[in-house]
Structure formats: C-alpha cells, structure tokens
Amino acid sequence: QSEYLSVKVPSWLLSAALALGRMRIKLLCNFDIDELSPIEHVGNSFIPALFVHGVEDDFIAPHHSQKLYEAYTGDKELEMVAGDHNTQREAHVNRKSV
C-alpha cells in the first residue's frame with residue numbers, strides 16, 4: 001500500500017498495474033520507463049523550462065530537480081516551493097507554468 005494513494009489498493013494489484021503500464025509504454029513508444037535517466041538528456045534540451053519542486057517532497061528528493069536545473073542548457077527558472085510532492089501549488093506558481 002502506497003502512502004500516496006487515498007484509497008487502499010493491495011500492493012500486488014498496484015504492482016500489476018504498473019507492470020502493465022510499463023509494458024504498454026514499451027510497446028507503443030519503444031522504450032522502457034525503468035531505464036529513463038533525465039539527467040542524461042536534459043543537456044540536449046533548450047526550450048524555456050520551469051522546474052518546480054516541493055521542499056518537503058519525500059517521494060522525489062529536491063536535489064534531483066536542482067541537478068536537472070543546473071544541467072539544463074536552455075532558458076530556465078527554478079522554483080523551490082513549500083509543501084511536498086502532492087501539495088497544491090500557490091496561484092502565482094501555477095500562473096508561471098501557463
């Protein structure tokens with residue numbers, strides 16, 4: 001059971017659903033999501049990017065966004081915001097992303 005789900009889901013069912021999603025992506029897109037490494041590719045990107053990360057995020061540590069931001073070669077902005085992975089963002093942060 002994941003602490004991020006509001007509904008109790010048996011772990012075997014969650015694992016099966018994730019495996020099915022992984023297989024479908026591999027079939028349709030010809031890559032394995034378990035082999036993704038954003039840091040290896042972010043240096044090839046150049047369109048303007050906004051990196052937003054919650055400072056209390058315990059699902060993906062904030063330093064991951066910091067490293068991606070530092071490696072990004074295009075115009076960029078980093079917003080470290082209050083809250084965790086699923087915290088609703090303040091309106092001014094949402095406006096920046098539109």
Side-chain angles (χ1 to χ4, degrees):
Q1 175 65 39
S2 171
E3 64 184 90
Y4 298 101
L5 296 175
S6 59
V7 178
K8 274 212 175 263
V9 177
S11 59
W12 64 268
L13 183 58
L14 185 57
S15 294
L18 291 173
L20 184 63
R22 179 180 172 211
M23 287 188 313
R24 185 80 171 137
I25 290 168
K26 192 169 187 176
L27 177 70
L28 294 174
C29 304
N30 200 29
F31 71 90
D32 187 342
I33 59 172
D34 284 349
E35 295 175 3
L36 289 179
S37 180
I39 197 70
E40 292 179 16
H41 304 284
V42 73
N44 299 325
S45 300
F46 54 86
I47 61 171
L50 173 63
F51 296 83
V52 180
H53 206 111
V55 294
E56 289 94 30
D57 192 338
D58 60 357
F59 184 62
I60 299 173
H63 75 269
H64 290 289
S65 288
Q66 181 69 43
K67 285 183 178 182
L68 289 172
Y69 172 79
E70 290 168 1
Y72 196 78
T73 57
D75 291 338
K76 59 192 175 185
E77 185 175 347
L78 174 64
E79 284 276 339
M80 300 302 280
V81 297
D84 62 21
H85 192 79
N86 295 310
T87 301
Q88 185 173 349
R89 305 298 177 221
E90 293 183 17
H92 76 277
V93 175
N94 291 337
R95 280 192 296 275
K96 283 185 175 187
S97 66
V98 178

Open item on the list: Is there a continuous path of hydrophobic side-chain contacts, each under 4.5 Å between heavy atoms, that joins Ile25 to Leu20?
Closed with: no

Open item on the list: Show the nearest heavy-atom pair for residues Glu70 and Lys76, with the distance to one decimal.
Closed with: O-NZ, 3.6 Å

- [ ] Please examine the side chains of His85 and Asp58, heavy atoms only from C-beta on, and report whether any two atoms are closer than 4.5 Å.
- [x] no

- [ ] Taking the side chain as every heavy atom from C-beta outward, state whether Phe31 and Ile33 have any pair of such atoms under 4.5 Å apart.
- [x] yes

Open item on the list: With clusters defined by side-chain heavy atoms of hydrophobic residues (ILVMFWY) lying less than 4.5 Å apart, directly or transitively, does Leu28 cluster with Met23?
Closed with: no

Open item on the list: Is there a path of hydrophobic side-chain contacts, each under 4.5 Å between heavy atoms of I/L/V/M/F/W/Y residues, joining Phe46 to Tyr72?
Closed with: yes

Open item on the list: Give me the atom names and distance for the closest heavy-atom approach of Thr87 to Gly83.
Closed with: OG1-CA, 3.4 Å

Task: For the student: nearest non-hydrogen atoms of Phe59 and Asp57, plus distance - done: N-OD1, 2.7 Å

Open item on the list: Check whether Tyr69 reaches the backbone of Val52 with its side chain - one donor and one acceptor, N or O, closer than 3.5 Å.
Closed with: no

- [ ] Please confirm whether the backbone N or O of Ile60 pairs with a side-chain atom of His53, one donor and one acceptor, at under 3.5 Å?
- [x] yes

Open item on the list: Any heavy-atom pair between the side chains of Leu68 and Ile39 that's under 4.5 Å?
Closed with: yes

- [ ] Work out which heavy atom in Asp84 is nearest to a heavy atom in Glu56; give both atom names and the distance.
- [x] CB-O, 3.7 Å

Open item on the list: Check this for me: Asp34, atom CG, are more than 12 non-hydrogen atoms of other residues, nucleotides or ligands nearer than 6.0 Å?
Closed with: yes

- [ ] Would you name the heavy atoms of Met80 and Pro62 that are closest together and state the gap between them?
- [x] CE-CB, 3.4 Å

Task: From Lys96 atom NZ to Arg89 atom CZ, the distance as rounded to the nearest 0.5 Å - done: 13.5 Å

Open item on the list: With a 6.0 Å cut-off (strictly less than), is the heavy-atom count around CG of Leu36, excluding the residue itself, greater than 12?
Closed with: yes

Task: Closest non-hydrogen atom pair, Leu50 against Val93 - done: CD2-O, 4.4 Å

